[in-house]
Amino acid sequence: MRSAAFLILSAMVLLVFSCVKPPEYSIVPRVEFVSVNQNTFDELDPTPLQVQIYFEDGDGDIGSDDSINMYWEDSRVPGFPIEFKIPTIELQGNSKAISGDHSRISYFFFV
């Protein structure tokens, strides 16, 4: 009798603590600059520019394989945005909310 009660109590505790509340992000994506691997460039430097961003999206539709969905602009050359795509992110689990880091390696820059 004691072992059955212990098993039932253990199962109930396990069920209560195994429920994970999904994150609650806005459906309007939030994109935030994290880092860049260099802030000066030398002519003919073979090291590409790498920019890292953090994102959150409540409905999981931030990425796209078909259209350009993000760009940045070199402040030294305004008016010429560098376009790229955040790829489609495959949803996992029951929640559509996603978050993560994305790194983008860009073209070589010549000063």
Side-chain angles (χ1 to χ4, degrees):
M1 181 71 173
R2 292 176 96 188
S3 62
F6 178 74
L7 282 173
I8 292 172
L9 182 62
S10 297
M12 290 174 62
V13 168
L14 183 64
L15 284 172
V16 167
F17 287 106
S18 66
C19 296
V20 177
K21 185 176 179 183
E24 294 181 14
Y25 302 133
S26 169
I27 61 169
V28 176
R30 180 174 80 102
V31 178
E32 184 177 302
F33 171 78
V34 175
S35 67
V36 64
N37 66 334
Q38 50 188 331
N39 57 12
T40 61
F41 301 95
D42 294 323
E43 192 170 348
L44 301 176
D45 183 359
T47 307
L49 176 69
Q50 182 172 359
V51 176
Q52 184 175 9
I53 59 169
Y54 172 78
F55 62 89
E56 292 177 355
D57 187 21
D59 58 2
D61 66 350
I62 191 170
S64 171
D65 292 328
D66 300 326
S67 62
I68 292 172
N69 52 20
M70 186 158 210
Y71 72 93
W72 70 75
E73 189 171 279
D74 186 340
S75 62
R76 299 169 302 166
V77 190
F80 293 96
I82 299 165
E83 301 170 336
F84 67 99
K85 298 175 188 175
I86 296 175
T88 301
I89 298 166
E90 198 168 312
L91 301 178
Q92 298 177 355
N94 296 344
S95 175
K96 290 184 176 183
I98 58 173
S99 68
D101 289 309
H102 178 68
S103 292
R104 168 68 180 172
I105 297 177
S106 186
Y107 316 98
F108 299 108
F109 285 87
F110 299 99
V111 182

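This is a predicted model, so every value here is computed, not measured.
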Item to check | side chain to side chain contact (heavy atoms under 4.5 Å, CB included) against S26, all qualifying residues, sequence neighbours excluded | outcome: V28

Checklist entry - Who pairs with F80 by side chain to side chain contact (heavy atoms under 4.5 Å, CB included), at least two apart in sequence or on another chain? => result V77

Next on the checklist: Are V31 and V34 connected into the same hydrophobic cluster when the rule is that any two of I, L, V, M, F, W, Y join if their side-chain heavy atoms are below 4.5 Å apart?
Outcome noted: no

Item to check | Any Y54 side-chain heavy atom under 4.5 Å of Q52 side chain | outcome: no

Checklist entry - Roughly how far apart are D61 CG and I27 CD1, rounded to 0.5 Å? => result 8.0 Å

Next on the checklist: Between V36 and I53, is there shared hydrophobic-cluster membership here, with clusters defined by ILVMFWY side-chain heavy atoms closer than 4.5 Å?
Outcome noted: yes

Checklist entry - Can you name the closest pair of heavy atoms from N37 and Q50 and give their distance? => result OD1-N, 2.9 Å

Checklist entry - With side chains defined as the heavy atoms from C-beta onward, is the minimum distance between F55 and I98 less than 4.5 Å? => result yes

